Amino acid sequence: MFRTEMMDINMGPQHPSTHGVLRLKLLLDGETVTDTDVLIGYLHRGVEKLCESKNYHMIEPYTDRLDYVAAMYENLGYVETVEKLMGITVPERAEYIRVITAELQRIASHLVWLGTHALDIGAMTVFFYCFREREILLDLFEAFCGARLTYNAYRIGGLPWDVPPGWTDRVRHFVKIFPGRQQEYDTLLTKNRIWLGRTKGVGILKAGDAIDFGVSGPCLRAAGVSYDVRKAHPYSVYDRFLFDIPTGENCDTYDRYLVRMEEMRQSLRIVQQALDGLPAGEVMGKVPKRIKPPVGEVYHTVEGPRGELGFYIVSQGEDKPYRMRFRSPSFVNLQALPHMVKGSLVADVVAVIGTLDIVLGDVDR
Amino acid sequence: MKIQAFLQKVLLLELWQGMWVTLKNQFRPHITVEYPKETVEFPPRFRGVPRLRKDPQTGEELCVSCLLCEAICPTECISIVSEKRPDGKGKQLISFTINYERCCFCGLCVDPCPTKPITAIYMSHDYEFAGFDRDSYVTAREELVDGKPVKIYTS
Amino acid sequence: MISDNIIRNFIIPLTQVLVILGVASGAVAYMTLVERKILAFMQLRLSPRRVGPHGLLQPIADGIKLLLKEDITPDKADRILFTLAPIVTVIPAFTALAVIPFSGGGTFQIFGYQVTPWIADVNVGLVFLLAISSLGIYGIMLGGWASNSKYPMLGALRSAAQMVSYEVPFGFSIIGVMMLSGTASMVGIVEAQREAHVWYFLPQIFGLFVFFVSGVAETNRLPFDLPEAEAELVAGFHTEYTGMKFALYMLAEYTSMIVVASIVTTLFFGGWLRPFPNVEALGFLNLGLDRIHPVLPGYFWFLLKTFLVLFVYLWLRGTFPRYRYDQLMRLGWYWMIPLSIMNVIVTGGVVLLLRR
């Protein structure tokens, strides 16, 4: 007589809220998700293989295009990996400027996340307010390195330029006005009952599962695991700054939202301290003209806005890497998606994609 | 405390606060610009399309055809052809082509340019270079040097 | 010679209908522009400004664009229903305008005929409105089903559930007004508010709240725009629609918004009345329009109030996230319906006590 059928529905690669070209195959029972198939590869460019035919200088612009929302971190991770392989020491001032720009980049990246996440859930205006502040940051980056998205801002051994005159004052101004602006997002979302309803208890990822999936970054910290590469394995000059690692306890989308909001405040703290302690001096260390690392291999991680961002380089002593491998946090975090959306509604899938904060350039590489 | 929470829930306080924020912002000045009519200011380091230049004082060719920019370009968009000068001192350019289709605006070509402090190749501030055919992106030396502007679409 | 009867019963109403249809379509077109402008100002960006001075001709350009667009009917769609659905949606939306009293306090004298400023004053006006406004849902359901596509079908199902559950509080919430005024005629309700010396939004604050929330839900606007929820369902029930058919859906949506705003104005904010209509000293609020014709200030106040209600619509859209499907149902059945029933009981009790 009557029978019910499961419905296969294809979400993406052209869908307003799959953040690029992610494709999900959902098996729906009514509106309840029973099974999810994550299909990726629509943005695959083979960067890892491409790097094997480029010398070490040339690779940096390619790293820009991995996680294009937080390209500063890709640059940072890459140059630090090569520096670690070659044993280059970077001048103090360069390290400090790297920390400042990287932390500002974390705020900019979280602003994109907050804006798109809120937009997916329907709060349209938050998106524009977030981009208003991101615009200030992009202007700062543009003044520093000349580009707004694909920075190519660091060089192996230091920085190509010192900061332009007046730049630190502009950063200080941003540090001063940003808490007030963040208050606006807070008012619009944090206590809003619709927002609470849409995020609380949605997409639960428990600590054990998160570790099993290899999830890192805010998604892991919202599950209560206080793991942050900046504290666990301090790189650059992060061991000199005071900052907290926010953690959540309910492991849901709302906690991940709170953790990221708090991370923006902590980043601001780091920027403030780095500005206060900014030493004078050179920004470029002693680096040979042709970069030929010794034979060997190296793995180095930095804490990107999305999680642990790793670089693995095998060198055969030539000016090109023998093998290059990126551990991109988006790719690893995306694994947890089917687990997180099982049994929830279609609307929650969108919320979970938003909360994982994936960048498809980072997933597909 | 409980009464306060209860009141907050019943009177929809947090919703009103949110609406107040959007109402307040309605009276702030807009932050976008009406693009083709007005454009934003660029900082001096802005990386637009790469160009060649002559010495601003003497008007002489700056490029010494050292091929360093060609070698470092990650997308291989620069191609230089040169020959020995008749007097045997250095090389002279025959052609210098940048394929804007491939260029990724990384600015690496400017770093190794030996003609310091004014580099022969530089990142200009031009950014509007939409075109109808692919050939128009392969820009030859004359256009690069004279700074023949890439077609500007803004009024 | 056309008889007096024909003119009175046919030509005058037809003219009224045509005028109001024309004005309403124009209002809808400019409503889209107003929405874009207000949202843009809230979001600190520029609104459409390229077509005409300050973008004032934008709705016309949009209309021309929609007319000229290719009209695509999907291969596997049910052609008849697919074409019929937008029409079924748009007709009830416009029909509802028939009983809305745009102004009052007198009639126009045109060629010796008495012409009312509204189309019809039906003595069951409110009931008629309820009946008509629930018809619009059929178009949405048909459209979602006839597209034979998955996202529209999900949108149509959501919309069916949503509209059915919000129809109940929508109806209940106006019973309080009917009890206070003792009539279901829209004109009668406004007159009753004049006599009561108070607009009904004060005694009927819960009624207003429930009515407005259900009204937003009925017209599928944020935060209740689940049938079209663009972040989840691409565009919901009208995903497969293009060109003029799509325009009809938009027309219906905005007309329904205007209708709901007009009803709110009429029922709760005294319709065409100026603030404190019984205080002669405030006569200057009519801006001298009443010296030209006694009906004119009514139009002014009616439009102003309706616009303010519509502004709240846009304001909500600019501020809030979207509810989830199950939460929306819960809000409707757990909060809105009990609240509206309570409102009916309390209002009834108070009216009964005052009559004694």
Side-chain angles (χ1 to χ4, degrees), chain A residues 7-12 14-19 24-26 28 30-33 115-133 135 181 184 187-190 192-202 253 257 344-354, chain C residues 35-36 38-47 144 148-162 213 216-217 220-236 239 314-332 334-335:
Chain A
M7 182 164 72
D8 250 324
I9 196 162
N10 198 23
M11 207 172 185
Q14 288 131 345
H15 184 280
S17 54
T18 49
H19 292 217
L24 299 176
K25 235 166 86 183
L26 304 174
L28 296 185
E31 281 222 14
T32 315
V33 180
T116 50
H117 188 34
L119 190 66
D120 287 346
I121 294 183
M124 187 181 174
T125 309
V126 181
F127 177 80
F128 289 96
Y129 294 168
C130 289
F131 270 57
R132 169 184 65 190
E133 273 70 73
E135 188 67 21
R181 303 289 177 85
E184 275 186 1
T187 321
L188 280 171
L189 296 178
T190 307
N192 188 312
R193 65 192 63 197
I194 308 176
W195 179 260
L196 286 173
R198 286 301 302 277
T199 53
K200 272 215 157 161
V202 169
T253 304
Y257 160 77
S344 54
L345 299 172
V346 179
D348 293 336
V349 176
V350 171
V352 171
I353 295 173
Chain C
E35 172 167 29
R36 289 164 79 175
I38 287 179
L39 281 179
F41 294 149
M42 277 181 185
Q43 293 158 356
L44 307 166
R45 59 197 167 90
L46 291 157
S47 42
N148 198 2
S149 171
K150 284 170 181 172
Y151 284 112
M153 198 185 79
L154 278 180
L157 291 178
R158 280 181 176 192
S159 131
Q162 172 176 344
V213 171
V216 176
N220 299 330
R221 299 287 299 177
L222 251 161
F224 307 106
D225 68 339
L226 302 187
E228 34 192 299
E230 81 269 3
E232 298 143 28
L233 300 186
V234 188
T239 308
L314 306 180
W315 193 6
L316 290 179
R317 179 169 182 204
T319 311
F320 292 136
R322 181 183 300 118
Y323 267 107
R324 201 171 61 201
Y325 173 63
D326 57 327
Q327 292 161 349
L328 178 87
M329 290 297 149
R330 197 170 301 135
L331 181 78
Y334 285 11
W335 294 98

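Residue numbers start from 1 in every chain, and the chains themselves are labelled A, B, ... in the order their sequence lines are given, proteins ahead of strands. Just so you know, these numbers come straight off a predicted model, no measurement behind them. Below, all heavy atoms of this structure are taken into account, side chains as well, without hydrogens, waters or symmetry copies.
- Considering all non-hydrogen atoms of both residues, A:Tyr129 and C:Met42 come closest at OH-O, 2.8 Å.
- In this structure, C:Gln43 and A:Arg132 have side chains that are not in contact, with every pair of non-hydrogen atoms separated by 4.5 Å or more.
- For A:Met7, the part lying near chain C is the side chain, with the backbone staying farther off; criterion is any non-hydrogen pair under 4.5 Å.
- With chain C as the partner, the residue from A:Asp348, A:Val349, A:Leu28 showing the most heavy-atom pairs under 4.5 Å is A:Asp348.
- Proximity to chain C is limited to the backbone of A:Asn10, based on heavy atoms less than 4.5 angstrom apart.
- Note: C:Leu44 CG to A:Phe131 CZ = 14.0 Å, rounded to the nearest 0.5 Å.
- Between A:Arg193 and C:Phe320, the closest side-chain pair of non-hydrogen atoms is not below 4.5 Å.
- Nearest approach of C:Arg324 to A:Ala347, heavy atoms of both residues: CG-CB, 3.7 Å.
- In this structure, chain A has no heavy atom under 4.5 Å from any part of C:Leu331.
- The closest side-chain heavy-atom distance from C:Gln327 to A:Ile194 is not below 4.5 Å.
- When all heavy atoms of A:Thr125 and C:Thr319 are compared, the pair lying nearest together is OG1-N, 4.3 Å.
- Annotation: maximal heavy-atom pairing with chain C below 4.5 Å, among A:Gly354, A:Ala351, A:Ala123, occurs at A:Ala123.
- The closest side-chain heavy-atom distance from C:Leu157 to A:Glu31 is not below 4.5 Å.
- Closest approach of A:Arg198 and C:Arg322 over heavy atoms only: NH1-O, 3.0 Å.
- The minimum heavy-atom distance between A:His15 and C:Tyr151, with the atom names listed, is CD2-OH, 3.5 Å.
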